[in-house]
Each structure stands twice: as structure tokens, then as C-alpha cells.
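Shown next, in C-alpha cells, is the structure this report addresses.
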Amino acid sequence: MQITIPSVIVSLAVASVNGYALSYWRFKGSEVFFTILIIGSFIPYQVMLYPLVVITRELNIFGTLWGVILIHTIFGMPILTLLFRNYFAALPVELFKAARVDGAGFWGIFIKIMLPLSIPIVVVAMILQVTGIWNDFLFGTVFAGTKNWPMTAQLNNIVNTTQGVKEHNVNMAATILTGLVPLTIYFISGRYFVRGIAAGAVKG
Amino acid sequence: MQITIPSVIVSLAVASVNGYALSYWRFKGSEVFFTILIIGSFIPYQVMLYPLVVITRELNIFGTLWGVILIHTIFGMPILTLLFRNYFAALPVELFKAARVDGAGFWGIFIKIMLPLSIPIVVVAMILQVTGIWNDFLFGTVFAGTKNWPMTAQLNNIVNTTQGVKEHNVNMAATILTGLVPLTIYFISGRYFVRGIAAGAVKG
Amino acid sequence: MSDSHSIEIRDLKVAFGEVVVFEKMNLDVTDGEFLVLLGASGCGKSTLLNCIAGLLDVKDGEIHIKGRNVTWEEPKDRGIGMVFQSYALYPQMSVKRNLSFGLRNAGVKNDEVERRVAQAAEVLQIEPLLNRRPAELSGGQRQRVAIGRALVRDVDVFLFDEPLSNLDAKLRTDLRVEIKRLHQRLKNTMIYVTHDQIEAMTLADRIAIMRDGLIQQLDTPYNIYNNPVNKYVAGFIGSPSMNFLDGTLEGGAKPVFRAGNLSIPLGEYAFTQKIGKGKTEGVTMGVRPEHVLFGDLAKKAAFKADVKVEVVEPMGADTQVWSVLDGRPFRFRVEGQLQLASGDVVAIGFDASRRSLFDAADQRL
Amino acid sequence: MSDSHSIEIRDLKVAFGEVVVFEKMNLDVTDGEFLVLLGASGCGKSTLLNCIAGLLDVKDGEIHIKGRNVTWEEPKDRGIGMVFQSYALYPQMSVKRNLSFGLRNAGVKNDEVERRVAQAAEVLQIEPLLNRRPAELSGGQRQRVAIGRALVRDVDVFLFDEPLSNLDAKLRTDLRVEIKRLHQRLKNTMIYVTHDQIEAMTLADRIAIMRDGLIQQLDTPYNIYNNPVNKYVAGFIGSPSMNFLDGTLEGGAKPVFRAGNLSIPLGEYAFTQKIGKGKTEGVTMGVRPEHVLFGDLAKKAAFKADVKVEVVEPMGADTQVWSVLDGRPFRFRVEGQLQLASGDVVAIGFDASRRSLFDAADQRL
């Protein structure tokens, strides 16, 4: 939880501002940035691992809470930014124009006009990110560390485990715990969530 | 590759038919089915692991190629079906009506009208699924098996590894290999892919 | 059932979940007739068309086409062709493949398919487009191909679902006339859904004006325009819409309508209801802006009054004047070249015959 | 620069990447004038409006508002208010907050904000709606609030970007008149973009007809309707559009226009170009459908001919007739109650004065 909450908050804040800037403010290189993001969201994590480890080490935050937050923010960035960008792009651009005529600036439009309209997508992004981080954590803690096999093969090992009944129960409990957190968030925010899905079909 | 190709083909075939049926043919329980899918796409894998292992064992395909394909198909199902459903829902419903008036049935409409229109989304789905399966495989083979720590902590271990230079190189090679496959697919299908992203902003 | 009816709808009930669109819809369409379903959005006109096409399931009642009960048949077996607002051409197929798709599904032989496609293409003058994709066509051409798709299948009934709504004003006018020509030539039964009263007036043999799932009036354009059965129809048809004056009807040998300081003799008004000798409260008189007399004609009119001009809208051929008559807003139309200014006081008159009276329940008196 | 001009645009160049919208646009708008920018989609009318508003960057040239060069100023500093097609109300704010948003951003004091909002609400009759959300309003009410948002800011120039396009026909007519009344009352400069020629004709003091980034004609509605400078303007304005007959002009004391078997005396046609004594080829004559004479009037006309009726379109107030004149399609308008049938042969005539002639380069002769 210590890791999850700040990670989610930081990634969402950065991603929503990114998405907003990409949708409405054409700056030099915004097209290029967008293309990199699209590619980024489909690059497997492994490609980015080494550079990131090096960067966090250099910043002297490797292994600290802030390092973990930074890593999660970067990993979550492409997909979350795209999510926000698509959501904002589906809002009528005339809303943005009207706000400019009414004298609101970059942050004024974002905070007063856009953010209040993006609760559904914030919830969707939150669930995605919480689920993602939680899964990373749990996979690492519980499932990693038996054999060098694909996930489905590992399963076999876990079920076939000869290390006794106790281990089996631990896995079971962990599994249930894992599922519980995102599910709880989902049920609490169900109404917003479905609206977010419906609004412009932003995320499958 | 042996695993990836048939898995991708089977999951895409099932998901596209599902998405099509969900968009156009209102059957009893279609709303319920849709809701389950939405929830399903956000449930962490762990919740489904035990039931699936049991099912594959009962079917006597556990550990076989078909078992792996089935597992991947089921894991990929919610997100892929939603992807297809949203894509089909963005197509004008009048197209479907016109085809019905022209005498095409369930499969006729799907194969003759809908599939040829869904190349962009098929490519997007393919990339998603290939990346996903490939990552699963690589994570298992390469990174699993050092310590019970979150992913970011494990990284530290890998980089700090005292097991010599050779191990380090293996990891590096594996990492590059991992990235290469999805990236190649991406570059080959770039044109369709961007169109797929653009068309109705189906997937971030 | 009767032979002269191409389509008969009996006690049709349609509902989406809890929302009932029609409770008991009845409608007969004569063979070869051009019927327009006209109404604002949400009135049920498209729902009715989709039911006839078989694209929506009905809860109760029957639909007969050419004397055959088709209530539960598939769209393809009903002998109908349908033209959609968004054209709904298959984007990946050439125009030719679009036209022949239905025939091939029905298993028609190759040379017969060729013959029919060529014939339809000739009628619609789309021969040069046969090998193009829909994306390479203009809006008007697309809609022509969409009509062709119904044409090749040689159906009894054509269904049009707002086919001209996506086109610009000029093209709409041209294609409207083409559809009318097509009907004059083919003499098929056609059912046409629109919210555009001009389309309805110009195309229809009969218009069914719908509101909240009920047909308000089903009659020829001439009768709907001149003798609307209720205030809703009177206000819906005609652009700019009818002026309504609220007042009291005084019966007797020479009935008079009084509204504020105005007292308007009714002359030879053809009452459709029996009116008493005394006063009837809550009566509304409707006068169409284009039936208001002006200038020399106003001087000879049975009823004369002065109005104050507020806004003048020149429209080219005509000029529309928004004025005040005895404290109420009143609109009338004058010739286009006339130069009136805001603030002018001018004399107008009413023609004796061209008025409508409605009772307190909004029904024609 | 001159004081009587509210807006002056000098040599404006606008481009999106490689696509040049305007090369050198020049436009002067008089103080208090209602100017309508009219054209088909893609003609650059909205681009021009967005440039004036400061929502689009220009490549070159200057924009002056009230004598001040605002080319590089922010929208809020230009003294403009803007009304959008999609209303663009802030969905999460009440009507009152929507109206006051701009004032609060400008740091206006609370009681002044209250006063101005109350005043605008009164003018637009939206007082009862002040505490509602935009989602709870009808389309017409939303557009009224959107106009109010420009009103409260007490700006010099109102910019309207197709504000009525999303409304249905009846509401469009009503709001059109309200905007005209507002202008008569406030006397602000207003620039209004539309593709609807009726809106343009009825609202404008002057109309600028645009095509491919060029202003074709900038004149009063009356002059644009009666003396179009070229064939494009002639065909664009007027519904149904003008009939065009291709033929040859024969000069001399009594000039005559010959087209096929027709020879049409030109009477007192006011030529704007010098024409020779001999023949001029490639000339087009334009006759508006509503200027064709029929019945008794046709008998007295300078030019008479028989036409064969093809399609009759009753529209209520008028009836539009599609006919054939000497083998060419020819459209004219007759009174609404007249009953004509397809196939009838009827006599028509042309009024001597109401015609337009265009040379081979489509310019008015």
C-alpha cells in the first residue's frame, strides 16, 4: 500500500497533464511525442529495464520508495497518457476554445474545465494502475522463485508442489488477497467506471 | 513461437466472433456477459489460476500445447473481446441492417462485411496478444528465479549479480530478443496499427 | 385481407424494455402509393419503418405485405428494399459488388445478376461508377448507389429512412426530385421516413404525421396543409409556421372570432364540428403567414388591421415580417422586393376562407 | 487606421502546414454592422472567424479590432465574445457559473458580476434557468446561455460560428429572429458564419460570399440576390437555385439572347460590361424560378414559351415545378394552391428586368 498509493497518484497526475497537453496544445514535436508514446505502450518492459536501473542508481534513489514510484510512473506513462489523451480528444474542442475566449490559461482550463469532466477516466486509469502495480508486486513476492519456466508451466509446479500443505495455503491466501484489492476498488467506483468505459470507448 | 502463433490465432478468432456477437446480436444475457467481460479484464490473473489448472487437468491437456493455447485464449479473452466489441460498435449499425436486408446471416455478415473492415483492429489485437504472451514467456524464462522480491528489487539483483559476466550477457541478449519480436511486428504493420488506434480510439 | 393494400399493419405493439413505442398501431398502405411518415425525432417513425423491414421485433400485432403475414419473417424474405440515412454501403466492395451482394446471397445466376445491375445502373445513371469504391464517391452518388441496391433486388416495397438528411441543401433538392421521378417510373409502393416537412409535402401521395407513437393525421399534402385536423399538425406543417390567436368564438348566423380588441368575421368558414349559438371559450384561430393579405389586397379583405413591423427578414424570393398585432406577435410573408423597415405600421388583412379554428382540446372546429 | 471600421483585416495569410487557406485576405467591417460570412464547407469562413478570435495563428498580415492591432494578442484581450455551434457550455457548472466564468477570470468584482449576469439573463429571458446545469436545458436554451456568455463580457464584437446548425428548423427560425432583435438592440458589431443562405439573407447588413478562401462578393442581401457578380454567387443564393440557359448574345440596338430555338429579347437589361454590336458566344442567362411569370401574367410578358411539366412539388405556400423548356430542364415556382400534373403543357414568361447574364468567364455582363 505504501508503494501503491503514491505511485498511482504521481502517475495519474503526470499522465493527465500529458494527455491534456497533447490533446489541446500543439507544441513543436507534439506529434513526435505522441508517436513515441504509442510505440512505448507496446514495448515490452524488459527493453526499458536496464536504462531505468542505471538512471535510478545515478539519481541515488534506487531501492527507495521514490525510486519505485518513479519506475511505476514511467512504466505506466504511455498507456495512461494515451488513455487521457483519447478521452480529452473526445471532448468537444469548442469547450477548450470557449474557455480560452473566457480568459482561462493552460492550468486554468485544465483544473477548472477539464479535470472536473474527467472523473470517469481518472477512475479507469486508477484501476488500471492499481491492478498493474499490485500484480507486479504479488507476482514478484509470491510466484517468482521456483523454476525458469513460462508462467503456465510454473503453475503446474505450484500445484504439484511437494513442499507440503502449508505452502499451498499460502499461495491460495495470496491469490485471494491479490484479487481483492482491485475488485474492491472496482465495486466502489463501478458507476464511474462504466461511464468511463462508455464515454468514447476510450479503453477496451 | 510454437506457442505464440497458434495462441494468437485462436484467441483472435474467438475474440472477434465474441465482439461481433456482442455488438450486433442481442441475445438473452448479452448484457450480463458484457459486464462479466468488463470485470474480467481487470481481475488479476492470480484469481483465475487455480480454476484453470484444474480445468486443463480434467480435460487431460494440462502441460500440452493445447493447454497453453487454451490458457492464453482465456486470459486474453476479456480485453480482446472488448477491443473487438468497441471496434464493431463504432461501425455504423446501418451497415449491419443493410446486410440483413440483403439476406446475409450471422456468419455471412461476419465474414463478408465485418472481417474485411476489421484489419486495423485485428493487427492491434495481434500485437497486444503477441507482446503479452511473449512477455509472459520471457519473464518466466529469464527473470524469474532469483529472489522473492518485487520486480524492481529483482532488477537490482540482476544488475548486482555476482555470478559473472556471462550471466549478464545472457540477460542482455534475452532482453533485446524480447523487445525485438513485438517491435518487428509493430514496424511491419505500422500503417494499419495507427489506423486502428485512430479508428474510434478503441485502445489507448 | 384486401388486395389493393400493399402493406397492412394491425394492432402493432412495440416496446423497448419498459418503454412502449406503439400500443396499437394500425396503418394501410395502398399498392403503388408513396407514403411519408413525418414527425419530430422520437415520434416513432423510424421504429415503424424498422418493424416493416423486419429489423425490429414486435411484441404483438401483425404486419402483412402484399397480403402475406410477414410478422415473423426475416428481412430478406419480405420483398422489401431499404435505403439508409448513412447510405450503409459496404466500404470494402466496389459499387458493382455492393449492388449485387443481395442477389448473390439469394443465389441468383450470374448473367441475371449482370443484367439487373446494368439495368439499375442505367436508371440511376451510375454506370461510370460501377468499379469504384464507396469512399471514392460523393454523398449524392453514394445515396444513388444505396437506392440502386434496393432497385436490383426487384422488391415490392421500398423503405427510405431519412435518405437525404446527410446531404447538403442543393443535393437534397436534386435527389428529392430524382426519387419522385423514380416513383413515377417504377410505381412501387414506397414508404419514406423524414422529419423534413418540405420533403414530405413534395414527395408524398399521403403523409402520416406522427407524434408520440400515434398517427395524428393521414391525408394528402393538400389536405394536411389546408385542413389540419388539430393544432399540432397545423403548427408542424408550414414554414414559417402558422400564427395562432387565442380568443372566443361567438356563434349565430354570422359567427365572429374575438381576440383582445380584434373581432374577426368568419364568413364562409366550413365548420367540421357543430357549434352552438352562444360563446365558445378557449378557441384558437390559425392563420398561415403566406395567407395574410398585404397592400392592395388587404384593402379588399373581410378583416383588416394595422400591425407594427418589428423584424424584417428578406429571403430573396419572399420577405418574412415579424410584427405585432393587437399586442401579440404576428408573422406574415410579403413579396421579396418590398422594402419594409422595423417600426413601420402597415395594413394587413385575412382572406375569408384560408383559416383554421381549433377548440380548447386543440381539435379542428 | 479609420475610426468607422470595427475590424480591419490586412493581407492575412493563413496556412495549415502546406495547405494555404488564405493568401492575402482583406476585409473591413463597419462599426455596428452585422456581417455574415457565407459559403460551402471548406471555403475558409470558420478559419477567418477563428483568426479574428485569436484561436488560430496567422502566418502573415494584420488584424485590427477597434483600431488596435490585435494580431498577436490572446483571445481574451481582443474584446470579442464567441458563440459556438456546439454551444460549448461548461457541463459541470450551473448556467450562472457559465455566464460568470469569463468575468471571474478577468477579476471583475463580485457585485459587478452579479449585476451583469442578471442583466444578460433578463435580455435573453433565461432568469429561471440560472441555477440549472447545461444538461438540463433544451438546445434552444443552451444556445441562449452561450449567447449570454458573450453578452456579460460587454465586448465590442460578437463572433458567431454557425450557432443555429444544431437546432431543429422551428427553433432555428425563432433564434434567428432573436439574434436579429439582439443586434437591433445592442448595435454591436457582429460577425456570423453560416452555410445557410436563408440565415445569411435574413440576418446580414452585408454578406461576404466565400469560396476557396476568396471573397466572391461582399454586398447587401438585396444586391447579392438581384445583382450577383458571377455565376457562382447567382447559383449559391436562392432556393431553389437559378435556372441557367447557355447561348449567344447578339448586340445592337435591341440586344437578344439566343439559346437553341429560343430567342429572348433583353429589353432594359442593365449591362455592367460594354458589349459589342456582334455576337458574343458562351453567354449564360440566369432566371430565378420565382421570377418566372405564369398564367395571366405570362401572357403579357416580353418573352413567352410553352414548357412541359415533369415533376410537381407542392410545398404548401408555393409549388415548385420541374419542367422542360426547349429540351433543357427548367424550374419555376407557382402559387401553392394551383393543381398541376406531370405531362401538362403550360405557358410561362420572363419578366423583362429580373434576369442575369454572365460571360464565358462566369462574370456578370
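In what follows, every chain begins at residue 1, and chains take the letters A, B, ... in the order their sequences are listed.
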Among C:Ile237, C:Ile198, C:Asp318, C:Thr319, which has the most heavy-atom pairs under 4.5 Å with chain D? C:Asp318
Please look at D:Asn226 and chain C and tell me whether the side chain, the backbone, both or neither of the residue comes under 4.5 angstrom of a heavy atom of that chain. side chain
So which heavy atom on C:Met315 is nearest to which on D:Arg176, and how close? SD-NH2, 4.3 Å
Go through the atoms of D:His291 and report whether side chain, backbone, both or neither lie under 4.5 Å from a heavy atom of chain C. side chain
Can you confirm whether more than 12 heavy atoms, excluding those of D:Gln125, are under 6.0 Å from its CD atom? no
So what's closer than 4.5 Å to chain C heavy atoms on D:Glu310: side chain, backbone, both or neither? both
If one checks every heavy atom of D:Asp168 against chain C at 4.5 Å, the contacting part turns out to be neither
Rounded distance [0.5 Å steps], OG in C:Ser241 versus CG in D:Asp174: 7.0 Å
Of all of C:Glu199, C:Met201, C:Gln339, C:Gln197, which one pairs up most often with chain D through heavy atoms under 4.5 Å apart? C:Met201
So which heavy atom on D:Ser342 is nearest to which on C:Gln184, and how close? OG-OE1, 3.9 Å
Could you tell me which portion of D:Tyr222 (side chain, backbone, both or neither) has an atom closer than 4.5 angstrom to a non-hydrogen atom of chain C? side chain
Side-chain ion pair, C:Glu313 and D:Lys180, N-O less than 4.0 Å: no
Step by step, work out the side chain to side chain contact (heavy atoms under 4.5 Å, CB included) result for C:Gln320 and D:Thr202. CA-CA 9 Å; C:Gln320 202 179 139; D:Thr202 54; over 6 Å; no
Part of D:Ala317 within contact of chain C (heavy atom distance under 4.5 Å): both
Heavy-atom distances under 4.5 Å only: say whether D:Arg172 touches chain C with side chain, backbone, both or neither. neither
Which atoms of D:Glu178 come close to chain C, meaning under 4.5 Å heavy atom to heavy atom: side chain ones, backbone ones, both, or neither? neither
Is there a donor-acceptor contact under 3.5 Å from the side chain of D:Lys170 to the main chain of C:Gly235? yes
